[in-house]
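Each ligand, and each atom within it, is numbered from 1 in the order the structure gives. Start at 1 with the first residue, then count along the sequence. Remember, it's a predicted structure, so these values are computed and weren't measured experimentally.
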Amino acid sequence: MSYSDAMFKNKELEEEVIVVTGGGTGLGKSMTKYFLELGAKVVITSRKMGKLETTAQELSTQKTAGEILPVQCDVRSFDQVENMLQTTLDKFGKVTGLLNNAAGNFISPTERLSARAFDTIIDIVLKGSKNCTLAFGKHWIKAKQTKATVLNIVTTYSWTGSAYVVPSAAAKAGVLAMTRSLAVEWAKYHIRLNAIAPGPFPTKGAWDRLLPGDLKEKFDITKKVPLGRVGNHQELANLAAYLLSDYSAYINGEVITIDGGEWLKGAGEFNMFEQVPQTFWDMLETMIRNKK
Ligand code: HXC
Ligand code: NAP
């Protein structure tokens, strides 16, 4: 087997109805595709209905076991989120999972940002995840649902912070804090909350805004990753399917990093010794031993 293979093979999600925000593109689309293969009913939502319809059409021709419904919804509006939830309930009768995946981001020195630019990112990422989580949580609690899961896509800089993407870092840190807080508060309502922190997984949306032009070639991102490669969409989809399934029923309030060791490489005090050729170690050891 390979890491690009599907982990579950049967209809492990056939009882699930999952809403994927930002499900029309990139990682949201890849996760949606896999959930459908596993028999889930999936609602994909974002601002651009055309994109959602194209994706829904493409994925429904693939003869998956599941069913897909595109619903327009700007997660920044609580009213639109409530409508999207109602549309989901009208169509499928229930909802069991919420995947907060929608995001906005671009690189910029922070002092170049207008107040509105900063707000735009905070509103999509933090307020959007809050709107969806609050609307779905209220519904689940009122309906006395016996099982529900929220999965939030954050980043590794949710806890390290990162220069040049400050609004995104601040917003994702908020989403992570919300994940951990509600995991405790809402466990009594049988609602689990977890997060995934992906490292680099190439998508058009992220790459065009974070590595524009020839920066993709200039900054070889694989050099930042100890495993020497970027992520494969299927390995993220495998993790997401697991966290939304009952196989992970005892995992609550966790953030799982899937980055090939990237953030730790940047963090460890002496990790720069990776650059020292093997042949130097005899000499270095002799120098150190001589310092008695
Ligand atoms: C400075 C900018 C800017 C830029 C926009 N703005 N782009 N400021 N540099 N490059 C400013 C605008 O001038 C405006 O402020 C404000 O931001 C809002 O811009 P709009 O275009 O009106 O906003 P909107 O149409 O809502 O679009 C939102 C967006 C856009 C975030 C700007 O890029 C988008 O739709 N993104 C969605 C997809 C996305 O970002 N995917 C990447 C996710 S990757 P003023 O003051 O002029 O009105 C990710 C993590 C990756 O999240 C981690 C990798 C390891
Ligand atoms: P992407 O394709 O650009 O996905 C972002 C999605 O969010 C788009 O489908 C977009 O659709 C939607 N969206 C943006 N604003 C919205 C709004 N106001 N309301 C509803 N939907 C909105 O990028 P991606 O790389 O797949 O990112 C997916 C997730 O992974 C994000 O949370 C991102 O932070 C995270 N992530 C990605 C990477 C990576 O390497 N790719 C690494 C770490 C974390 P519309 O434009 O139609 O609204």
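- Using 4.0 Å as the threshold, Tyr157 has a heavy atom nearer than that to some atom of ligand 1.
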In sequence, state the C-alpha distance, the side-chain angles, and the governing distance for Glu235 and Arg229, and then conclude on salt bridge (Lys or Arg N to Asp or Glu O under 4.0 Å). CA-CA 13 Å; Glu235 43 193 348; Arg229 66 172 176 89; 2.6 Å; yes
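- Within a 4.0 Å radius of atom 29 (C) of ligand 1, the protein contributes no non-hydrogen atoms.
- Shown here, atom 26 (O) of ligand 1 is in close reach of the protein: a heavy atom of it lies under 4.0 Å off.
- For Ile121, every heavy-atom contact with ligand 1 shorter than 4.0 Å involves the side chain, none the backbone.
- Nearest protein neighbour of atom 44 (S) of ligand 1, counting heavy atoms only, is Ala206 CB, 3.6 Å.
- Using cut-offs of 30° and 60° on the angle between ring planes, the pair Phe201 and His233 is tilted.
- For ligand 1, the polar-atom distance check against Arg116 finds a nitrogen or oxygen pair separated by under 3.5 Å.
- Near Ser114, with a cut-off below 4.0 Å to any heavy atom, the atoms of ligand 1 are 15 (O), 45 (P), 46 (O).
- Protein heavy atom closest to atom 32 (C) of ligand 1, with residue, atom name and distance, is Phe106 CE2, 3.8 Å.
- The pair Glu14-Lys41 fails the salt-bridge criterion, with no side-chain N (NZ, NE, NH1 or NH2) lying under 4.0 Å from an Asp/Glu carboxylate O.
- Close contacts of ligand 1 with Leu210, meaning ligand atoms under 4.0 Å from a residue heavy atom, involve 51 (C), 54 (C).
- Counting only non-hydrogen atoms, the option in Ala103, Pro167, Ala169 that gets closest to atom 37 (C) of ligand 1 is Ala103.
- For ligand 1, the atoms lying closer than 4.0 Å to a non-hydrogen atom of Gly104 are 31 (C), 39 (C), 40 (O).
- A heavy-atom cutoff of 4.0 Å around ligand 2 is satisfied by the protein residues Gly22, Thr25, Gly26, Leu27, Ser46, Arg47, Lys48, Lys51, Cys73, Asp74, Val75, Arg76, Asn101, Ala102, Ala103, Ile124, Ile153, Val154, Thr155, Lys172, Pro198, Gly199, Pro200, Phe201, Thr203, Gly205, Ala206, Trp207.
- Protein heavy atoms are absent from the 4.0 Å sphere centred on atom 12 (C) of ligand 1.
- Residue Thr120 touches ligand 1 through its side chain alone, judged by heavy-atom distances below 4.0 Å.
- For the pair Glu185 and Arg192, the salt-bridge criterion is not met [side-chain N within less than 4.0 Å of a carboxylate O].
- Between Asp259 and Pro198, every side-chain heavy-atom pair lies at or beyond the 4.5 Å cut-off.
- Salt-bridge formation is detected for the pair Asp220/Lys223: a Lys NZ or Arg NE/NH1/NH2 atom is positioned less than 4.0 Å from an Asp or Glu carboxylate oxygen.
- Contact of the Ile256 side chain with the Leu239 side chain is registered, since non-hydrogen atoms from C-beta on lie closer than 4.5 Å.
- An N or O contact shorter than 3.5 Å links Arg47 to ligand 1 by distance.
- Of the protein's non-hydrogen atoms, Arg209 NE, 2.8 Å is the one closest to atom 33 (O) of ligand 1.
- When heavy-atom distances to ligand 1 are checked against a 4.0 Å cut-off, Arg112 has no atom that comes that close, whether in backbone or side chain.
- Across the listed options Ala102, Gly205, Pro202, Gly205 owns the non-hydrogen atom lying nearest to atom 42 (C) of ligand 1.
- Around atom NZ of Lys9, more than 12 heavy atoms belonging to other residues, nucleotides or ligands sit under 6.0 Å away.
- In this structure, Trp140 has its ring center no closer than 6.0 Å to that of Trp186.
- Side-chain contact between Val75 and Lys127 is absent, with no heavy atoms from C-beta onward closer than 4.5 Å.
- Heavy-atom distances between Arg76 and ligand 1 reach below 4.0 Å in at least one pair.
- The closest approach between any non-hydrogen atom of Thr156 and ligand 1 is not below 4.0 Å.
- Dense packing is recorded around NZ of Lys265, with more than 12 heavy atoms of other residues, nucleotides or ligands lying under 6.0 Å away.
- Between the side chain of Tyr34 and the main chain of Met7, a donor-acceptor pair closer than 3.5 Å is present.
- Taking atom 16 (C) of ligand 1 as the reference point, the nearest protein heavy-atom neighbour is Ala117 CA, 3.6 Å.
- Salt-bridge annotation for Glu67 and Lys91: present, with a side-chain N of the basic residue lying under 4.0 Å from a carboxylate O of the acidic one.
- Within the 4.0 Å cut-off (strictly below), no protein heavy atom is located near atom 20 (P) of ligand 1.
- Nearest heavy atom pair, residue Pro167 against residue Leu113, reads CG-CD1, 3.6 Å.
- Looking at ligand 1, you'll find an N or O of Asn105 within less than 3.5 Å of one of its N or O atoms.
- For the pair Arg180 (side chain) and Leu176 (backbone), a donor-acceptor distance under 3.5 Å is absent.
- Between Ser108 and ligand 1, no N or O atom pair is found at a separation short of 3.5 Å.
- Side-chain atoms of Thr32 and Ile68, non-hydrogen and from C-beta on, do get closer than 4.5 Å to each other.
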Would you check, one step at a time, whether the test side-chain contact (heavy atoms from CB on, under 4.5 Å) holds for Asn100 with Ile153? CA-CA 6 Å; Asn100 282 314; Ile153 305 298; over 6 Å; no
